[in-house]
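Read the structure below first, then the notes.
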Amino acid sequence: MTVPHWLFGDQLGPHFLPTGSDGPVVMIEARSVLRRRRFHRAKAHLVLSAMRHRAAELGDRVRYVRAETYREGLREAVGDAPVTVHHPTSYAALRLVESLDSVTVLPARGFLVGHDEFRAWADGHGGRGLRQEDFYRWVRHSHDLLMDGDRPVGGRWNHDHDNREAPPKGARTLGSPAPYRPREDEIDEEVRADLDRWERDGSVAFVGADGPRMFPASRREALAALRRFVEHRLAAFGPYEDAMLAQDPVMSHSLLSSSLNLGLLDPAECVERAEGAWRAGRAPVNSVEGFVRQVAGWREYVWQLYWYFGREYRHSNVLRHHEPLPDWFLELDADAVRARCLSTALAQVRDTGWTHHIPRLMLLGSYALQRGWDPEAVTDWFHRCFVDGYDWVMVPNVVGMSQYADGGRMTTKPYTSGGSYVNRMSDLCGGCVYRPGERTGDRACPYTAGYWAFLHRHRARLEGNPRMAQPVKGLDRLADLREVLRREHGRGDGPP
Ligand SMILES: Cc1cc2nc3c(=O)[nH]c(=O)nc-3n(C[C@H](O)[C@H](O)[C@H](O)COP(=O)(O)OP(=O)(O)OC[C@H]3O[C@@H](n4cnc5c(N)ncnc54)[C@H](O)[C@@H]3O)c2cc1C
């Protein structure tokens with residue numbers, strides 16, 4: 001008799017079923033997960049909708065259990081009988097499955113590189129410090145991705161130089177073809193009714209709006225989204241990857257993160273299709289390299305670091321930031337915020353549970369870093385509020401990349417800036433009540449003042465960093481530094 005296989009809610013694609021198996025499947029919808037934290041409602045909707053769509057596809061093969069906890073659900077589904085499961089994506093879930101004698105844990109799926117392979121690579125690089133660029137080139141090489149024999153196609157590994165353009169002057173949108181949008185069905189209707197009921201009876205609370213579902217909830221929808229991106233939007237992905245436009249939140253980004261993280265898409269098929277578009281002459285090398293870098297480089301690196309840095313990494317706080325998150329941020333109260341850039345990004349999160357990388361890093365994360373908010377609380381906020389947020393991806397991205405709480409184990413410098421960066425890379429400063437060039441006075445940009453206050457607060461640590469020494473020296477040229485600091489200290493935790 002075939003042993004039943006347990007699928008977690010982020011293991012929904014065909015590659016999460018054991019090879020060649022057509023045996024029974026167990027899925028568990030655990031209410032305690034939603035009860036524990038106040039998730040964005042669109043995220044709860046997406047995950048439940050995707051799980052129920054998968055169950056509908058599997059039909060009679062699946063035993064779909066709604067229970068309070070995973071433990072109870074598994075008992076109800078199979079009693080003490082043996083089950084298999086692929087390596088889950090968080091320490092908490094791994095601890096759970098390892099604590100159950102009846103569960104056999106199979107290797108992880110949904111990533112290009114295995115844990116052992118990464119560990120061997122990383123241990124070999126430990127002395128020099130781990131660098132994403134080295135890892136990425138190793139992945140390109142070992143997976144023969146965008147390679148011409150031993151050399152990168154186009155003669156260069158890195159096309160970042162062509163991929164960091166400011167938005168076209170005067171443009172309100174990039175004019176890229178619209179991304180794929182799914183059509184809701186009766187499963188979504190049922191999910192919405194359940195969420196309404198749970199909210200009404202007070203058993204679960206959410207933040208954010210649950211508008212029409214924007215992200216794929218089935219393999220079929222995810223493949224359609226991938227196809228639309230590769231055929232119509234990939235060509236323009238590169239140049240404006242880092243730019244922001246108020247009226248065009250998506251620009252040429254792929255919107256594939258939630259599908260990849262739900263396991264509906266496999267990263268290998270995403271990068272192979274992108275490479276295929278380049279080989280067929282349908283997309284330029286800088287755009288294709290930029291996309292492959294994100295998926296085979298960053299996504300993969302983040303997954304590996306989550307496990308490599310260990311369980312305690314999430315508690316890193318070398319900058320000793322302990323401020324709580326203010327209510328307006330927790331409640332996604334974009335309307336209370338006058339700084340146009342932050343208000344725009346927060347409204348995108350409130351309305352969709354998604355923003356692209358630069359608003360996450362240089363607006364939301366940077367504001368938190370400058371104000372000394374507790375990095376674990378910031379991680380929790382991102383995890384709850386983003387449709388693509390899972391423990392493995394949030395911990396390194398927030399603790400390491402965004403909050404520099406690990407002191408540089410993941411990145412070479414803290415990612416934060418004054419308003420001039422935002423002004424250069426977006427149209428968000430036009431029409432703002434603040435001025436990016438001003439650091440004191442009523443129109444002082446909160447990012448500009450916050451940037452200098454941050455550098456001042458951490459001067460001793462940052463002046464030893466080759467990439468930060470120059471900006472830190474800039475503090476000595478600020479005749480009005482005392483005034484900047486005085487005003488920053490008096491700011492309180494109200495919305496900027
Ligand atoms: C503070 C912060 C929090 C983040 N949280 C998440 C998260 O919870 N989940 C998540 O998937 N990404 C996260 N990211 C990375 C990145 O911002 C999103 O993957 C991306 O914005 C999703 O939109 P997209 O699919 O259109 O991406 P695109 O810009 O089209 O990029 C293509 C793909 O590359 C992958 N990718 C790129 N960068 C990263 C990265 N740093 N980590 C993981 N995958 C990456 C994603 O799968 C993405 O779909 C975070 C970044 C920051 C700075």
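Predicted, not measured: the structure shown is a model, and the values here were computed from it. Both ligands and their constituent atoms are indexed starting at 1 by order of listing. Below, all heavy atoms of this structure are taken into account, side chains as well, without hydrogens, waters or symmetry copies.
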Open item on the list: When you compare ligand 1 with His356, is there at least one nitrogen or oxygen pair between them that comes in under 3.5 angstrom?
Closed with: no

- [ ] Measure from the side-chain N and O atoms of Lys413 to the backbone N and O of Met468, and report whether any donor-acceptor pair falls under 3.5 Å.
- [x] no

- [ ] Please confirm whether Ser402 comes within less than 3.5 Å of ligand 1 when only nitrogen or oxygen atoms on both sides are compared.
- [x] no

Task: Test: Asp391 and Arg314 ion pair at under 4.0 Å - done: yes

- [ ] Look at the rings of Phe229 and Phe291 and say which category their plane angle falls in: under 30° parallel, 30 to 60° tilted, over 60° perpendicular.
- [x] tilted

Open item on the list: Which residue and atom name correspond to the protein heavy atom nearest atom 41 (N) of ligand 1, and how close is it?
Closed with: Asn397 OD1, 2.9 Å

Task: Interfacing atoms of ligand 1 (cut-off 4.0 Å, heavy-atom, Leu361) - done: 53 (C)

Task: Backbone or side-chain N or O of Leu256 under 3.5 Å from ligand 1 N or O - done: yes

Open item on the list: Please list the nearest protein heavy atom to atom 26 (O) of ligand 1 with its residue and the distance rounded to 0.1 Å.
Closed with: Leu255 N, 2.7 Å

Task: Test item, Phe386 contacting ligand 1 (heavy atom, 4.0 angstrom) - done: no

TODO: With Asp242 as reference, evaluate Arg424, Arg360, Arg164 under the salt bridge (Lys or Arg N to Asp or Glu O under 4.0 Å) test and give the passing residue.
DONE: Arg164

- [ ] Measure across Phe8 and Ala93 and return the closest heavy-atom pair with its distance rounded to 0.1 Å.
- [x] CZ-CB, 4.2 Å

Task: Per-residue contact class, Asp388 against ligand 1 - non-hydrogen pairs under 4.0 Å - done: both

Task: Centroid separation His458 to His321 less than 6.0 Å - done: yes

Open item on the list: Can you report which non-hydrogen protein atom sits closest to atom 49 (O) of ligand 1, along with the distance?
Closed with: Ser257 N, 3.1 Å

TODO: For Arg140 and Arg293, run side chain to side chain contact (heavy atoms under 4.5 Å, CB included): C-alpha distance rounded to whole Å, both residues' side-chain angles, the deciding distance at 0.1 Å, then the answer.
DONE: CA-CA 9 Å; Arg140 288 262 305 268; Arg293 167 178 295 270; 5.7 Å; no

TODO: Below 4.0 angstrom from a heavy atom of Gly389, which ligand 1 atoms are there? Numbered from 1 as shown, please.
DONE: 8 (O)

Open item on the list: Return the closest protein heavy atom for atom 8 (O) of ligand 1 as residue, atom name and distance.
Closed with: Met394 CE, 2.6 Å

Open item on the list: Looking only at protein heavy atoms, which one is nearest to atom 20 (C) of ligand 1, and what is the separation?
Closed with: Arg360 NH2, 4.0 Å

- [ ] Measure the distances from the heavy atoms of Trp354 to every atom of ligand 1 and state whether one is below 4.0 angstrom.
- [x] yes

Open item on the list: Counting only nitrogen or oxygen atoms and a 3.5 angstrom limit, does Phe291 reach ligand 1?
Closed with: no

Task: Top protein contact for atom 10 (C) of ligand 1, by heavy-atom distance - done: Val393 CG2, 3.5 Å

Task: Per-atom contacts of ligand 1 with Val302, taking only distances under 4.0 Å to non-hydrogen atoms - done: 42 (N)

Open item on the list: Could you tell me, atom by atom, which parts of ligand 1 come under 4.0 Å of a heavy atom of Val295?
Closed with: 33 (C), 34 (O)

Task: Flag, side chain of Arg340 to backbone of Ala246, donor-acceptor distance under 3.5 Å - done: no

TODO: Inspect the contact between Arg350 and Asp335 and indicate whether a charged nitrogen and a carboxylate oxygen are less than 4.0 angstrom apart.
DONE: yes

Open item on the list: I'd like to know if Arg37 pairs up with Asp380 as an ion pair, taking the criterion as any Lys NZ or Arg NE/NH1/NH2 lying under 4.0 Å from an Asp or Glu carboxylate oxygen.
Closed with: yes

Task: Check against side chain to side chain contact (heavy atoms under 4.5 Å, CB included), Tyr70 and Val33 - done: CA-CA 9 Å; Tyr70 287 123; Val33 176; 3.9 Å; yes

- [ ] May I ask you to identify the nearest protein heavy atom to atom 39 (C) of ligand 1, giving residue, atom name and distance to one decimal place in Å?
- [x] Trp298 CB, 3.8 Å

Open item on the list: Ring-plane angle category for Trp307 and His87, please: parallel below 30°, perpendicular beyond 60°, tilted otherwise.
Closed with: perpendicular

- [ ] Decide whether an N or O pair under 3.5 Å exists between His253 and ligand 1.
- [x] yes

- [ ] Record the part of Leu364 in heavy-atom contact with ligand 1 below 4.0 Å; permitted values are side chain, backbone, both and neither.
- [x] neither

- [ ] Could you tell me whether Glu29 and Arg52 make a salt bridge, using a distance below 4.0 angstrom between a side-chain N and a carboxylate O?
- [x] yes

Task: SB check Arg192 Asp210 (cutoff 4.0 Å) - done: yes

- [ ] Consider every N or O of Asn261 and every N or O of ligand 1, then say whether any pair is closer than 3.5 Å.
- [x] yes

TODO: Determine, for Glu488 against Arg371, whether the closest basic-nitrogen to carboxylate-oxygen distance falls under 4.0 angstrom.
DONE: yes

Task: Top protein contact for atom 27 (O) of ligand 1, by heavy-atom distance - done: Ser254 OG, 3.9 Å

Open item on the list: Can you check which of Arg293, Gln294, His357 brings a heavy atom nearest to atom 16 (C) of ligand 1?
Closed with: His357

- [ ] May I ask whether Phe237 places a heavy atom under 4.0 Å from ligand 1?
- [x] yes

Open item on the list: I'd like to check which ligand 1 atoms, numbered from 1 as shown, lie under 4.0 Å from a non-hydrogen atom of Phe382.
Closed with: 1 (C)

TODO: Heavy-atom contacts with Leu260 under 4.0 Å: which atoms of ligand 1 show up? List them by number with element.
DONE: 47 (O)

